[in-house]
Amino acid sequence: MVAQANRLRDVRYDIRGPVLRRAQELEAAGHRILKLNLGNPAPWGLNAPEPMVADMVQNLPDAEGYSDARGIYSARVAVAQYYQTLGVEGVQPDDVFLGNGVSELIVMTLQALLNTGDEVLVPSPDYPLWTGAVTLCGGRAVHYRCDETQDWAPDLEHVAAQITPRTRALVIINPNNPTGAVYSRETLLGLLGIARRHGLLVLSDEIYDKILFDDAVHECAAALAPDLLVITMSGLSKTYRAAGFRSGWMAISGPTTHAADYLEGVQLLANMRLCPNVPAQHAVQTALGGFQSIATLIRPGGRLYEQRNHAWQRLTEIPGVSCVQPRGALYLFARLDPAVHKIRDDQRLIIDLLEQQLLLLSHGTGFNLPTPDHLRMVFLAPVDVLDDATNRLRRFLETYEQ
C-alpha cells in the first residue's frame, strides 16, 4: 500500500473537501449545481481589467524563461512603491517576493519559520489555508476568538491569553475572510502591541484591502508598526478579479537584522521553486499603477455593493438566520440560531442542502469555528441568482432536522 504521509493526517482544507467532492459526484451524474462556495470572480462575469490582460499578452515573448526567484523587477518595484504610498517605511524591491498566489507564499513563510511544535496564532474563524499550512509545516495553529457580537473583531484579551513560550507568529486577516470584518485602527494597534510584547513575527493577509463597503477604511498593519517585522500579503485574485493568474506578493518591512537567518530561509525556498509564474507577473505593475476599477463595483450602485446588500437582506429574512453585515471582502457569514435550527454537524447540513437543493455553500467549522452554527455564502453572483440561492436555502431550512 502507498500510504499518505503522516504530516498530512491532521491537515484540513474543508472548503475543498468532502462537500466539494459530493458536488462533483452530483455534477458527474448530470445535476447542475449552484455554486456559491468559493470567492472566484470569473464564473460570474467579473473579469480582470483589460489593460492587465493586454500587458500580460504583450509580454508573453519575454516570459518564456525563468525570472529572478523573487519575481520580475518591474513587478517588485510596483509592489514596493504601492506599500510606500500606504505609509510602510523602507520597503524596497528586494524586500518583495512574488508568488503563485498568496497561498504559495503562506506556505513558504511558515516552512521557513516553524519547527515541530511551534505555535502560530490564527483567527477563528479563519481562511483555512492558514491553519492547514501551519499544521503541514509541523506547527500548531492556536486559534484566537473573533467576537461576532463586536462585528467579528478579535478579542484582544483572548489573543493575549493564547501566548506560550512556543508562540512564533501572529496571523492577521484584514479584511477578513470569511466574516467580512474590517478591523479598526484601535484593534490593529492592540494586535500589534501583543506581537511587540512577545517578539512575534506578524503575518498580515490583506488580499481584500480594496474591497470595502460604506465607510470602512483599511489600515495596513505594517504602516502602523514600523518597529516590527511584518510580512504583508496580497495579490491579483480578488481586487483585480484574476484568481486564475495565480499572481500574489509579499512585502517584508520593519527591522530585519534579528531575522537574517529566517529571511535566508525564505530566499532558499524561493530559489527551490525556481520562480513564480512569469507571464502573470507582467500584470502586476499595470494593476497597481493604473485605474482602480474595483472602485466602481463597491460604491452605491456598483455591482458588488448592490449584491452584498441584496443578499444580506434576503438571507436575514429567513427565520432563525442572522448575519453581521460585511464591511469588506466577498462573503456573508451567517448564523443559524441554535434555538431554531438544531444543527449538530454543519458539514452534514451543507451536504444535505447540496443534495436536496443543488446549492453549494460552505460550513462554518470548515473555517475553524468551534461551533456548528454558521455557513458562508459568496455574493459574487448577480441578484437574480442570489434570490434563487436564498430561496433554496429558505425552503431547505423550513423542514430540515438532524
> Is a side-chain N or O of Q307 found less than 3.5 angstrom from the main chain of A381, in a donor-acceptor match?
Replying inline: yes
> Have N177 and R376 got a donor and an acceptor in their side chains that come within less than 3.5 Å?
Replying inline: yes
>> Distance check, rounded to the nearest 0.5 Å: L359 atom CG versus I350 atom CD1?
In response: 8.0 Å
> Does the side chain of N277 reach to within under 4.5 Å of the side chain of L98, using non-hydrogen atoms?
Replying inline: no
> Taking everything shown except Q292 itself, do over 12 heavy atoms lie less than 6.0 Å from its CD?
Replying inline: yes
>> I'd like to know if the side chain of E27 and the backbone of I33 have a donor-acceptor N/O pair within less than 3.5 Å.
In response: no
> What's the verdict on side-chain hydrogen bond (donor to acceptor under 3.5 Å, both in side chains) for H341 and D373, showing C-alpha distance, side-chain angles and the deciding distance?
Replying inline: CA-CA 8 Å; H341 305 289; D373 54 0; over 6 Å; no
>> Rounded at 0.5 Å granularity, tell me how far SG in C146 sits from CZ in F367.
In response: 13.5 Å
> Hey, mind stepping through Y144 and E157 against side-chain hydrogen bond (donor to acceptor under 3.5 Å, both in side chains) and telling me if it holds?
Replying inline: CA-CA 9 Å; Y144 63 84; E157 290 186 4; over 6 Å; no
>> Does N271 form a side-chain hydrogen bond (donor to acceptor under 3.5 Å, both in side chains) with Q267? I'd like the steps, not just the answer.
In response: CA-CA 6 Å; N271 293 342; Q267 181 69 62; 2.9 Å; yes
>> Among T232, L229, V96, V230, exactly one meets side-chain contact (heavy atoms from CB on, under 4.5 Å) together with I252. Which residue is that?
In response: L229
> Just wondering, are more than 12 heavy atoms of other shown residues or ligands nearer than 6.0 Å to OH in Y73?
Replying inline: no
> How far apart are the C-alpha atoms of T167 and V142, what are their side-chain angles, what is the distance that settles it, and do they pass the side chain to side chain contact (heavy atoms under 4.5 Å, CB included) test?
Replying inline: CA-CA 9 Å; T167 308; V142 178; over 6 Å; no
> Does any N or O in the side chain of R185 come within less than 3.5 Å of the main-chain N or O of E219, such that one atom is a donor and the other an acceptor?
Replying inline: no
> Taking the side chain from D95 and the backbone from Q92, do they hold a donor-acceptor pair closer than 3.5 Å?
Replying inline: yes
> Quick check: are there more than 12 heavy atoms from other residues, nucleotides or ligands sitting under 6.0 Å from CG of D261?
Replying inline: no
> Can you tell if the side chain of E119 reaches within under 4.5 Å of the side chain of Q162, non-hydrogen atoms only?
Replying inline: no
>> Give me the atom names and distance for the closest heavy-atom approach of I194 to A160.
In response: CD1-N, 4.0 Å
>> What's the separation between atom CD in Q281 and atom CG in L236, rounded to the nearest 0.5 Å?
In response: 10.5 Å
> Should R70 and D94 count as an ion pair when the cut-off is N to O under 4.0 Å?
Replying inline: yes
> Should H143 and T131 count as side-chain neighbours, where that means a heavy-atom distance under 4.5 Å?
Replying inline: yes
> Side-chain contact, heavy-atom cut-off 4.5 Å: D346 with L336?
Replying inline: no
> When rounded to the nearest 0.5 angstrom, what distance separates OG1 in T239 from CD1 in I211?
Replying inline: 4.5 Å
>> Less than 4.0 angstrom from a charged side-chain N to a carboxylate O is my criterion; do R395 and E398 meet it?
In response: no
> So, do P276 and S67 sit near enough that their side-chain heavy atoms are less than 4.5 Å apart?
Replying inline: yes
>> Surrounding CZ of R7 (heavy atoms of other residues, nucleotides or ligands, distance under 6.0 Å), is the total greater than 12?
In response: no
>> Check whether D151 reaches the backbone of A153 with its side chain - one donor and one acceptor, N or O, closer than 3.5 Å.
In response: no
> Hey, does V171 have a side-chain heavy atom less than 4.5 Å from the side chain of V120?
Replying inline: yes
>> Can you give me the closest heavy-atom contact between H282 and T286, atom names plus distance?
In response: O-OG1, 4.1 Å
>> Taking A329's backbone N and O only, do any of them form a donor-acceptor pair with K238's side chain (distance below 3.5 Å, no angle check)?
In response: no
> Short question: side chain of S124, backbone of N368 - any donor-acceptor pair under 3.5 Å?
Replying inline: yes
> CD1 of I207 to CG of N174: how many Å apart, nearest 0.5 Å?
Replying inline: 13.0 Å
> Between W312 (side chain) and C323 (backbone), is there a donor-acceptor pair under 3.5 Å?
Replying inline: yes
>> Any non-hydrogen side-chain atom of Y183 less than 4.5 Å from a side-chain atom of N176?
In response: yes
> Taking it one step at a time, do L110 and L203 satisfy side chain to side chain contact (heavy atoms under 4.5 Å, CB included)?
Replying inline: CA-CA 10 Å; L110 294 170; L203 301 170; 3.9 Å; yes
> In terms of side-chain heavy atoms, does W249 have a donor or acceptor partner in Y83 at a distance below 3.5 Å?
Replying inline: yes
> Taking atom types as modelled and ignoring hydrogens, do the side chains of Y82 and Q285 form a donor-acceptor contact shorter than 3.5 angstrom?
Replying inline: no
> Between the side chain of R303 and the main-chain N/O of L380, is any donor-acceptor distance below 3.5 Å?
Replying inline: yes
>> Cation-pi check for Y305 against R308: NZ or CZ below 6.0 Å from the six-membered ring centre and within 45 degrees of the axis, yes or no?
In response: yes
> Strictly by modelled atom types, are W130 and D205 linked by a side-chain donor-acceptor pair under 3.5 Å?
Replying inline: yes
> Could you walk me through whether E186 and S184 pass the side-chain hydrogen bond (donor to acceptor under 3.5 Å, both in side chains) check?
Replying inline: CA-CA 5 Å; E186 179 183 13; S184 68; 4.9 Å; no
>> Assess the residue pair T256 and Y262 against the criterion (side chain to side chain contact (heavy atoms under 4.5 Å, CB included)); give the C-alpha distance rounded to whole Å, side-chain angles, the decisive distance to 0.1 Å, and a yes or no.
In response: CA-CA 9 Å; T256 58; Y262 167 65; over 6 Å; no
>> With rounding to the nearest 0.5 angstrom, report the CZ to CG distance, F379 to N309.
In response: 9.0 Å
> Yes or no on side chain to side chain contact (heavy atoms under 4.5 Å, CB included) for I294 and R241, after CA distance, side-chain angles and deciding distance?
Replying inline: CA-CA 9 Å; I294 191 67; R241 286 90 66 202; 4.1 Å; yes
> Just by distance, do the side chain of H158 and the backbone of R145 share a donor-acceptor pair under 3.5 Å?
Replying inline: yes
> Should the heavy atoms of other residues, nucleotides or ligands under 6.0 Å from CD of E89 be counted, would the total exceed 12?
Replying inline: no
>> Less than 3.5 Å apart, any donor N or O on the side chain of H310 or D387 sitting next to an acceptor on the other?
In response: yes
>> Do I231 and L105 have side chains that approach each other closer than 4.5 Å (heavy atoms only, starting at C-beta)?
In response: no
